[in-house]
Amino acid sequence: MKANLNPVTIAIIAINNDNVIYQFNEGAEKLLGYSASELLGKKKSNFFILDEEYEKFKKDIASKYKIKTSDFNPYKILAQNDDYDAREWTIVKKDGTRFIAHSTLIPLKSDKGENVGFMRILKNITDLKKIENDLLRKNQVLNAAEKITMMGNWQWDTVINKVEWSSNLFNIFGVDPKENLNFETYFSFVHPEDKEKVSISFEKSIKDKKFYDLLHRIKLKSGKTKTIQLLGEVVLDEDTGEVIELIGTCQDVTEQRMAEIKFRGLLESAPDAMVIVNDFGIIQLINKQAEKLFGYTSEELINKPVELLIPNRYKDKHSTHRDLFFSAPIARKMGEGRELYGINKAGKEIPIQISLSPLKTEEGLLVSAAIRDITVQKKAENKILEANERLEVLANKLTDQNTQLADFAQITSHNLRAPVSNLNSLMGFYKMAETEEEKILAFEKFEIVIHHLTDTLNTLIEALKAKNRTSIPVEKLDFNEILNKTVQILSGQIISTNTKISSNFENVTNINYNKAYLESIFLNLLSNAIKYKSEDKDPEIYVYSVLEDGAVKLKFKDNGLGIDLERHGHKLFGLNKVFHRHPDANGVGLFMTKVQIESLGGTITVESEVNVGSTFSVNFKE
């Protein structure tokens, strides 16, 4: 009995009905600081407890047993009711210091069942109480933090389907803290429209053994709707690897969600595509206009680098520009004075304008880019530029026409005036002739001059007709037929010069054109190629058609003398311009060819090398 009553960490004090201490063990000596010899046989019962705590104990006994008077012994009441009392007391040691003890007060009875006193068992719980208070304080802080952040924590034992919530989680769901919880309790609050999403998410979390963050709505018993954010972790059985528990937090994000919805509404109401990125260039948010402009869905772009929307030629410089903006973030237009392009999902480049604005958030600085598709404006701009180019072409044509008018004036002042003057001189010579032979000689000269004058007048008339004609008839013409006719006309020259002519019209076989003009073009270019043949080799001429950029081109390639384009290129197609000492060169053929081609909206160009040959390219109007 004594060994059992003297544990060193437990104080046991026995007192009889006269309040005389008859048992004071070593644990009591150690905890209270008194020796047993000081107290045994002494009438002391409440010497180590506080009066106010004794009064509290007495009130509790009176309340428990409905005692109306204040004049009673609470220890005897316990004994009479064969009851005991267990509670915490503040114990005062001999030296006056205090500690917190857990006290159990037990009535003592004789073998006959009579009350003979009571026994108090004390255990020092100061350290435990401190730990408990610390835990309580931390729990209070946690509860306060949960209330401030509108957050709670939860545990779900998936084996027995038992759920535990923190106190604030009961507040979020509006549930009585005494209610027994399971997964169905939580699921019953899930908004009807979100139930399928929540079921799929939890099933996937358990299947993949990884918790997937979940944002959804709940509907309270009051009818109020809230939006909550669930974060969690999956706990696995060490032996089987199966899911045995899910733990996590639940935050009421209704206000943030409403703010996000308002922000999203403003974002969607913006007329431009909006792309919001962080300082690493990662896309955080886009609107529907951005999805439409770039052809991506929101899911395809969120958390992706913004370079996905930038053509390759701009990517190297973009990171530098981004760093510069974040170092001095102010609202401004991007790339002022320069053309900017985005690239859509299909790889097509889009001309754009961009305005940048910094956004300060709790997560750091973001940048909002308002992107406008300026394809329509660009087309209008291009049309203006094209109109300006057409005006420039028209101005150049007018300049060319003025030059041509000057050429005609030269014909009038030189080619016509000289023959007329020559005729006047011959007329005087004819009148002065004394013999018939002299008159015949003069008349022969008349014929030569008149023939020359007729040729000059015909050239001028044809040129004027081509330049002034407003409507030139066209028809479908076969290149082979025109070439064959031209070869027949030039057959004498071809035979005498041993000329070889080859052709290839497989790419383009025919064209809608004026017949007389096309025959004239073939005749002039082929006869020129024969006329200006090389002295040391037979002429070879290759005529072929091509289709380049949707336009028909006819090429005449020869191996003749060639032309020094650096010296003569600027006057190649001028009237009466010759570049070789050929007796039949008169500078009219190429001029007429150019006039006829341009009258139907085409152009003629030449590539040539001296002693190698020339290639004339007739570019027909598209």
Side-chain angles (χ1 to χ4, degrees), residues 149-150 197 212-217 227-231 251-375 377:
T149 59
M150 304 184 74
K197 177 176 74 172
Y212 293 95
D213 298 347
L214 184 60
L215 179 73
H216 69 86
R217 293 167 295 171
T227 301
I228 60 173
Q229 174 81 53
L230 295 181
L231 306 177
Q251 184 175 17
D252 181 355
V253 294
T254 305
E255 292 185 7
Q256 297 95 309
R257 186 63 176 166
M258 290 177 65
E260 181 183 331
I261 291 172
K262 288 180 181 179
F263 178 73
R264 167 63 74 174
L266 291 173
L267 202 65
E268 294 298 347
S269 66
D272 298 323
M274 302 296 295
V275 177
I276 297 176
V277 302
N278 62 17
D279 55 352
F280 295 104
I282 303 301
I283 298 173
Q284 305 296 299
L285 195 63
I286 67 170
N287 64 356
K288 292 293 183 184
Q289 288 84 344
E291 293 183 21
K292 182 178 178 182
L293 177 61
F294 292 105
Y296 291 95
T297 64
S298 175
E299 291 76 14
E300 290 176 310
L301 288 181
I302 299 301
N303 294 324
K304 298 294 191 305
V306 73
E307 283 77 13
L308 193 64
L309 307 177
I310 298 172
N312 288 331
R313 64 181 183 276
Y314 295 129
K315 287 181 180 179
D316 292 339
K317 295 182 180 179
H318 180 261
S319 58
T320 302
H321 293 323
R322 184 181 68 238
D323 293 341
L324 289 174
F325 178 83
F326 275 95
S327 65
I330 57 172
R332 63 175 178 83
K333 288 184 178 180
M334 180 179 175
E336 288 187 290
R338 293 185 287 113
E339 291 187 346
L340 297 178
Y341 289 87
I343 188 166
N344 65 15
K345 186 176 181 179
K348 180 183 178 182
E349 291 195 2
I350 309 164
I352 55 176
Q353 285 180 344
I354 302 179
S355 296
L356 303 178
S357 298
L359 294 171
K360 291 183 179 180
T361 70
E362 294 179 356
E363 298 176 355
L365 187 64
L366 304 178
V367 59
S368 169
I371 305 170
R372 178 168 298 179
D373 182 356
I374 59 169
T375 301
Q377 297 94 310

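Shortest non-hydrogen contact noted between Y341 and P311 is O-CD, 3.1 Å. Heavy-atom minimum distance, Q284 versus N303: NE2-OD1, 4.4 Å. The nearest pair of heavy atoms linking G342 to F294 is CA-CE2, 4.4 Å. In plain terms, the two heavy atoms of A290 and V275 that are nearest each other are CB-CG2, 4.1 Å.
At most 12 heavy atoms of other shown residues, nucleotides or ligands fall within 6.0 angstrom of atom CZ in R372.
In this structure, CG in L285 is found 5.0 Å from CD1 in I276, a value given to the nearest 0.5 Å. Distance CD1/I228 to CD/Q251: 10.5 Å, rounded to 0.5 Å. With rounding to the nearest 0.5 angstrom, the CG atom of L366 is 12.5 Å from the CD1 atom of I283. Separating the CD atom in Q353 from the CG atom in D373 is a distance of 10.0 Å, to the nearest 0.5 Å. Between the OH atom of Y296 and the CG atom of L309 there is a distance of 6.5 Å, given to the nearest 0.5 Å. In this structure, CD in E307 is found 13.0 Å from CD1 in I343, a value given to the nearest 0.5 Å.
With sequence neighbours excluded, no residue forms a side-chain hydrogen bond (donor to acceptor under 3.5 Å, both in side chains) with S298. For K345, the salt bridge (charged side-chain N to carboxylate O under 4.0 Å, His left out) partners two or more places apart in sequence, or in a different chain, are E300. Among residues two or more places apart in sequence or in another chain, the salt bridge (charged side-chain N to carboxylate O under 4.0 Å, His left out) test is passed with E349 by R313.
Judged purely by atom type and a 3.5 angstrom limit, N287 uses its side chain to pair as donor or acceptor with the backbone of D272. Formation of a donor-acceptor pair under 3.5 Å by the K292 side chain with backbone atoms of A273 is not found in this model. Without hydrogens or angle criteria, T227 side chain to H216 main chain gives no donor-acceptor distance under 3.5 Å.
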